[in-house]
Amino acid sequence: MNNELKALVEALIFVSQEPLTPERLAAVLEGVPAEEIQAAVEALAAESEAEGRGVHIIRSGGGWLFATKPAHDREVRRLLQIERKNRLSSAGLETLAAIAYRQPVTQSEISAIRGVDSTGSLKTLLDKKLIKIVGRKKAPGNPLVYRTSDEFLLYLGLDSLDDLPSEAEIAKILEQEKAVEA
Amino acid sequence: MNNELKALVEALIFVSQEPLTPERLAAVLEGVPAEEIQAAVEALAAESEAEGRGVHIIRSGGGWLFATKPAHDREVRRLLQIERKNRLSSAGLETLAAIAYRQPVTQSEISAIRGVDSTGSLKTLLDKKLIKIVGRKKAPGNPLVYRTSDEFLLYLGLDSLDDLPSEAEIAKILEQEKAVEA
Amino acid sequence: MPDPAPDALPLEGTPVRGDEAPDQAPGPAAEVPEAAAVPAPVDEAEAPTPAAGVPADGYQVRLDVFEGPLDLLLFLIRKKKIDIHDIPIAAITRDYLGYLERKTEINLDREAEFVFIAALLIYIKSQMLLPRETDLAEGDDPRRVLVDRLVEYERVKAACSLLREREDVEILQWKRDFVPPFHGEGEPEPVELSLFDLAESFFAMMKRKTADDTRIIRGREVPVEVKMKELVTLLQARGVVDFLEYFEAHESLEEALVSFFCILELVKSRVAVAVQDEIFQTIRVWLRKDPHRTAAHE
């Protein structure tokens with residue numbers, strides 16, 4: 001393993017202000033073959049999972065980034081003197097899921113899926129930057145169109161929208177629920 | 001060496017926004033003897049100097065912090081330059097908003113809307129090609145007149161300026177929040 | 001950001017079982033699921049009941065247990081172990097309406113959504129009762145529109161339970177949200193541009209400005225002579241004054257305007273000089289009696 005490349009990649013992931021994409025890495029490390037970069041990142045990520053390490057390199061939001069491990073949440077919060085992070089409300093998560101799977105969507109389409117008005121949840125999600133307005137639909141009233149943001153991927157630890165729970169996973173959950181009923 | 005303590009200390013140094021002092025560390029890790037903490041930090045720092053690591057733990061400013069190694073300075077700067085291109089400051093955003101909704105406008109009209117001088121932001125926005133100069137106003141001093149560019153529309157996924165969210169639409173989203181909070 | 005519906009249940013936090021009434025969370029929805037959703041034993045035949053400690057205002061609490069009418073319908077369908085693709089509309093409509101009738105208090109906003117689905121159920125029921133000569137083709141089933149919605153909603157809810165699991169892990173992992181070292185020169189506090197930010201920012205500015213303008217009316221009266229003296233003293237003390245900065249430093253528009261006329265008067269009477277050096281700069285004003293500066297700019 002190329003130690004020098006590994007060290008360099010670690011430094012770059014550390015200073016990056018957002019998940020460091022393979023494309024950016026390649027742009028900075030011009031001339032280094034993509035497979036070598038890939039191998040270096042993967043070695044780093046694997047090593048960071050070792051015992052005795054409290055910060056690991058994870059893949060999320062389309063790139064690589066540093067994060068603390070879940071086990072240290074309590075102490076981290078004590079140091080930063082902040083409360084436990086709020087989960088999204090059920091309404092917020094439902095709205096987010098509807099957008100994630102049906103994007104690009106309008107407010108009324110989301111409300112139709114949920115059966116309830118979703119304007120309030122949209123505002124919450126916009127504030128949290130989990131969704132964004134991407135334009136207008138060519139339809140009567142030209143409603144605003146929503147999409148999930150890069151923050152959304154990061155928030156749920158997804159690398160891309162392809163990482164959303166698949167039809168098969170969803171079907172499995174529904175099966176389980178029915179099995180419990182029977 | 002206590003691996004769990006080492007991991008914890010690493011996580012804490014990582015999230016701390018300023019050099020983490022031994023006192024803060026001890027306060028968060030209440031009950032852990034100072035010598036043990038000290039030993040853990042020193043072990044971490046020593047390990048981080050290994051080849052293949054690009055981020056090391058150093059003692060600076062009265063505490064411990066993560067920093068990249070000097071050897072990677074050039075690449076780190078190159079990365080940050082690439083990343084900065086996609087960003088807009090909040091002053092830039094305000095100026096852009098003022099132009100978007102009030103175009104064609106002059107510099108002093110923009111400054112009047114924002115309540116602060118907007119000269120610097122105008123330059124940034126011109127550089128980023130989000131706005132353009134479209135001529136001069138027939139008024140005392142013949143000030144330059146600004147408009148948003150085609151790139152601006154493209155960037156926001158809008159067909160035309162008529163598609164900018166209206167005050168009523170934004171107010172509706174914002175009001176909803178109040179209703180939910182009430 | 002506070003949870004917008006602290007009394008709503010984090011249903012997706014745990015797999016929802018059809019025979020188990022959704023249960024009232026003991027804490028805010030921010031709790032981790034292990035802590036938040038300890039299912040209370042519930043009589044299978046019973047509808048969801050609020051847990052102890054929750055004010056028993058009947059309908060309010062009961063309906064809040066559900067995210068909406070589709071959630072309630074799904075609950076009823078599962079409770080009866082009904083095949084979602086073959087819903088006995090008459091029975092489900094009866095159950096659904098029975099549920100709505102338990103209300104003791106009406107929240108009009110939420111009520112409308114529940115009533116809308118009730119109307120849809122009744123409409124479907126009426127369509128089913130119409131005498132027909134031949135059996136309906138599958139695509140013509142009047143229930144179709146409802147079934148499609150329920151199936152989609154069911155999938156969204158199932159996805160939610162998976163996403164909630166991810167959220168629970170991610171929420172415990174801390175990423176650095178401050179700007180790391182080596183930031184160099186550039187713009188502080190980077191913000192990504194979004195259409196919502198843009199629009200919100202504009203209307204917030206306009207509001208701020210309207211508020212400022214409102215204050216103007218109540219502004220104190222400023223005699224021109226007083227302002228003129230103030231201005232001359234300032235020019236003498238500072239040498240050069242940035243016009244825009246000076247203009248904006250005033251509390252009221254009236255006061256600012258008086259200053260503006262004072263400057264015009266001073267320039268007109270050749271006591272002061274006003275110059276705009278460059279296109280991107282504001283007007284700078286200074287007193288003419290300073291020979292050095294006057295010479296330099298004329």
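The shown structure was predicted, so the numbers you read here are calculated from the model rather than taken from an experiment. Worth knowing before you read on, the calculation uses all heavy atoms, side chains too, and leaves out hydrogens, waters and symmetry mates. A, B, ... follow the sequence lines: proteins, then strands. Residue 1 opens every chain.
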> Do you know the tightest heavy-atom contact between Arg155(C) and Leu174(A)?
Replying inline: CG-CD1, 4.4 Å

>> Give me the atom names and distance for the closest heavy-atom approach of Pro165(A) to Ala159(C).
In response: CG-O, 4.5 Å

>> Using heavy-atom distances under 4.5 Å, tell me whether Leu156(A) contacts chain C through its side chain, its backbone, both, or neither.
In response: both

>> Looking at every non-hydrogen atom in both residues, tell me the closest pair between Glu94(A) and Tyr153(C) and how far apart they are.
In response: OE2-OH, 2.8 Å

>> If I measure from the heavy atoms of chain C, does His56(A) come under 4.5 Å with its side chain, its backbone, both, or neither?
In response: side chain

> When you look at Arg114(A) and Val156(C), which way does the side chain to side chain contact (heavy atoms under 4.5 Å, CB included) test go after all the steps?
Replying inline: CA-CA 9 Å; Arg114(A) 297 186 57 223; Val156(C) 167; 5.8 Å; no

> Which one of Asp73(A), Leu80(A), Leu154(A), Val76(A) has the most heavy-atom pairs closer than 4.5 Å to chain C?
Replying inline: Asp73(A)

> Considering only heavy atoms, which portion of Leu163(C) lies under 4.5 Å from any heavy atom of chain A: side chain, backbone, both, or neither?
Replying inline: both

> Any donor-acceptor pair under 3.5 Å linking the side chain of Arg164(C) with the backbone of Leu88(A)?
Replying inline: yes

> How many angstroms lie between NZ in Lys157(C) and CD1 in Ile170(A), if you round to the nearest 0.5 Å?
Replying inline: 13.5 Å

> How many angstroms lie between atom CD of Glu113(C) and atom CG of Asp117(A), to the nearest 0.5 angstrom?
Replying inline: 6.0 Å

>> To the nearest 0.5 Å, what is the distance between CD on Glu167(C) and CG on Leu96(A)?
In response: 9.0 Å

> Are the side chain of Arg176(C) and the backbone of Phe66(A) linked by a donor-acceptor contact shorter than 3.5 Å?
Replying inline: no

>> Any side-chain to backbone donor/acceptor pair from Arg87(A) onto Asp168(C)? Under 3.5 Å, distance only.
In response: no

> Given side chains that start at C-beta, do those of Glu177(A) and Glu154(C) come closer than 4.5 Å, heavy atoms only?
Replying inline: no

> chain C heavy atoms under 4.5 Å from Arg102(A): which part of the residue, side chain, backbone, both or neither?
Replying inline: side chain

> Do Trp174(C) and Leu79(A) come close enough that some side-chain heavy atom pair is under 4.5 Å?
Replying inline: no

>> To the closest 0.5 Å, what do you measure between CD1 (Ile58(A)) and CD (Gln173(C))?
In response: 4.5 Å

>> Quick check on Ile99(A) against chain C: is it the side chain, the backbone, both or neither that has a heavy atom closer than 4.5 Å?
In response: neither

> Looking at Ser111(A), Ala97(A), Gly157(A), which makes the most heavy-atom pairs under 4.5 Å with chain C?
Replying inline: Gly157(A)

> Side chain, backbone, both or neither: which part of Glu167(A) has a non-hydrogen atom closer than 4.5 Å to chain C?
Replying inline: side chain

> Got a second to check how far Arg74(A)'s CZ is from Leu172(C)'s CG, nearest 0.5 Å?
Replying inline: 12.0 Å

> Taking every heavy-atom pair that is under 4.5 Å apart, which of Ala67(A), Ser60(A), Ala100(A), Pro70(A) has the most such pairs with chain C?
Replying inline: Pro70(A)

>> Is the shortest side-chain heavy-atom distance between Val116(A) and Glu67(C) below 4.5 Å?
In response: no

